[in-house]
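Read the structure below first, then the notes.
Below, read A as the first sequence line, B as the second, and so on, with proteins coming before strands; counting in each chain starts at 1. When reading the values below, keep in mind they use all heavy atoms of this one structure, side chains included, and skip hydrogens, waters and symmetry mates.
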Number of protein chains: 2
Amino acid sequence: MTYGRPREFDIDCALEAATQQFWSTGYEATSLQDLLQSMSLSKSSLYQTFGNKHELFIRCLGYYQQTMVDELNIKLANSISSRQFLYDFLDDVISESKNSSSNNGIKKGCFLVNTANELCQRDTSIAEAVATGTANVAKVFRRAIEQGKKPQEIDTRWTTDSLVDYLITSISGLRTMVKAGTEKKSLKPVIDLVMMTLFINER
Amino acid sequence: MTYGRPREFDIDCALEAATQQFWSTGYEATSLQDLLQSMSLSKSSLYQTFGNKHELFIRCLGYYQQTMVDELNIKLANSISSRQFLYDFLDDVISESKNSSSNNGIKKGCFLVNTANELCQRDTSIAEAVATGTANVAKVFRRAIEQGKKPQEIDTRWTTDSLVDYLITSISGLRTMVKAGTEKKSLKPVIDLVMMTLFINER
DNA sequence: ATGATTTAGGACTGATTGGTCCATAAATAG
DNA sequence: CTATTTATGGACCAATCAGTCCTAAATCAT
């Protein structure tokens, strides 16, 4: 590519903006107008660079997933213990929720969970993207759970895979509770129960 | 109302059809055309009887919630034990999921959970309807949990309210997992873990 | 029968949807 | 300075959206 007028925007920057937009308002409720505005792009640039709304959305899913996995890996590496890492993550999840004092507004939740709920049943290509995304996230949690267990504490009744599924289920459930408006103080005991269950022998 | 041309359709029947439609495809993705077709109504009849799409949706939420609570109460009354009732319910939730043999298609999930995920953040009136709906459902689960515990088995570390929140969180999470395409055999251990946690002292 | 009253059907509306197309601008290669 | 290539802006498009309105049909009261 030696010819032609140079692109006036940064692709990653635009992708980041699009991801934020889709993350905030979902797929259907995000109009092209919304995207153009938040990405600061002209319509032709968007279509030329990203194909169409659907393709852009899938790229955003990949971008989000990669960013999230990288972030989680860093947090896991820097955490005092992997149990603390898991607890902190759960606490982050419910920290979006209504506080008794302040009702801060927007709860974006997790882009992957949101998309699973909005689109997975009626769009197979998006369902695939969500599946690979959650699988990659699950890998991090799997390591955290494995590392968190001391050898003598392994409970053979439950495989690590089952515990990972349990954790992801709990996270997804918490996300929904937060969106439904449940207060943080109600969800705190829930994450205690989840942590207790993850490390069964260590009560 | 003694005058006038008689209504040619049954209101409850139309409401039932609308509920099924909204339940299947959500609020935004359900067009008025879809509604008219599944309700077998003319546009004027719908607007005259139900006001508009938004009002109709809220009526559907109420209808669904009432139906669900009634159904749960009957099941709880007829079940061998309330623990069995809870287990059966969780098993119902994941029975919608992909079976290893057959990939049966549509997973409607729970109308209230779906709506919480789709609309609760940007529509306060719908958020209220969801809140009262889940509160009513929670009451049934609360009774089930209380009845399921024999007096000597009460664990004072967790209030019944916390256990109810935990249960609803788990149910919501399972709904998302099912929608995301997780296989049933992966979710079975998860509900075992949830049941174990609900009845902590009885392992 | 006739007038009152309500329902039903469907034409119509303005706004918005995602997407296309074309003329113009901006850069490089020769 | 010209030809080539790509990017941009915006006019334009058909389809669809929720919602309105008017006419015709159907029933009841008199």
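- Under 4.0 angstrom from either OP1 or OP2 of D:dG9 there lies no side-chain N or O belonging to A:Ser44.
- In A:Gln33, the CD atom is not crowded: 12 or fewer heavy atoms of neighbouring residues, nucleotides or ligands sit closer than 6.0 Å.
- Under 4.0 Å is where a charged nitrogen must lie from a carboxylate oxygen, and between B:Arg142 and B:Asp161 at least one such pair does.
- One donor-acceptor pair, N or O on each side, does fall under 3.5 Å between the base of C:dG19 and the side chain of A:Lys43.
- The NZ atom of B:Lys53 sits 12 Å away from the C1' atom of D:dG19 (whole-angstrom rounding).
- When the C1' atom of D:dA15 is taken as reference, atom CG of A:Leu32 falls 15 Å away, rounded to whole Å.
- In this structure, CG of B:Leu46 is placed 11 Å from C1' of D:dG19, rounded to the nearest angstrom.
- Pairs engaging residues 70-94 of chain A under the ring pair (Phe, Tyr, Trp, His ring centres under 6.0 Å) rule: A:Phe89-A:Phe141 [sequence neighbours left out].
- Rounded to whole Å, atom C1' of D:dT8 lies 15 Å from atom CE of A:Met39.
- Residue A:Tyr47 places its side chain closer to C:dG19 than to any other of C:dG19, C:dT17, D:dT8.
- To the nearest angstrom, C1' of D:dG10 lies 12 Å from CD of A:Gln33.
- For the pair B:Ser45 and A:Thr30, nearest-nucleotide mapping onto DNA chain C gives the more 5' position to B:Ser45.
- A:Gln48 comes within contact range of at least one nucleobase, with a heavy-atom separation under 4.0 Å.
- Rounded to whole Å, atom P of C:dG18 lies 13 Å from atom CZ of A:Phe57.
- Between B:Phe22 and B:Tyr27, the ring planes lie parallel to each other; the angle is under 30°, not in the 30° to 60° tilted range.
- Atom-to-atom, CG of A:Leu41 to P of D:dT6 comes out at 18 Å; the value is rounded to the nearest Å.
- Within the 4.0 Å cut-off from OP1 or OP2 of C:dA8, not a single side-chain nitrogen or oxygen of B:Ser42 is found.
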Could you check B:Ser125 against B:His54 for side-chain contact (heavy atoms from CB on, under 4.5 Å), going step by step and ending with a plain yes or no? CA-CA 10 Å; B:Ser125 57; B:His54 191 265; 3.2 Å; yes
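- Between B:Leu36 atom CG and C:dA11 atom C1' the separation is 15 Å, expressed in whole Å.
- Between C:dA8, D:dC17, D:dT8, one nucleotide has an atom nearer to the side chain of B:Phe9 than all others, and that is C:dA8.
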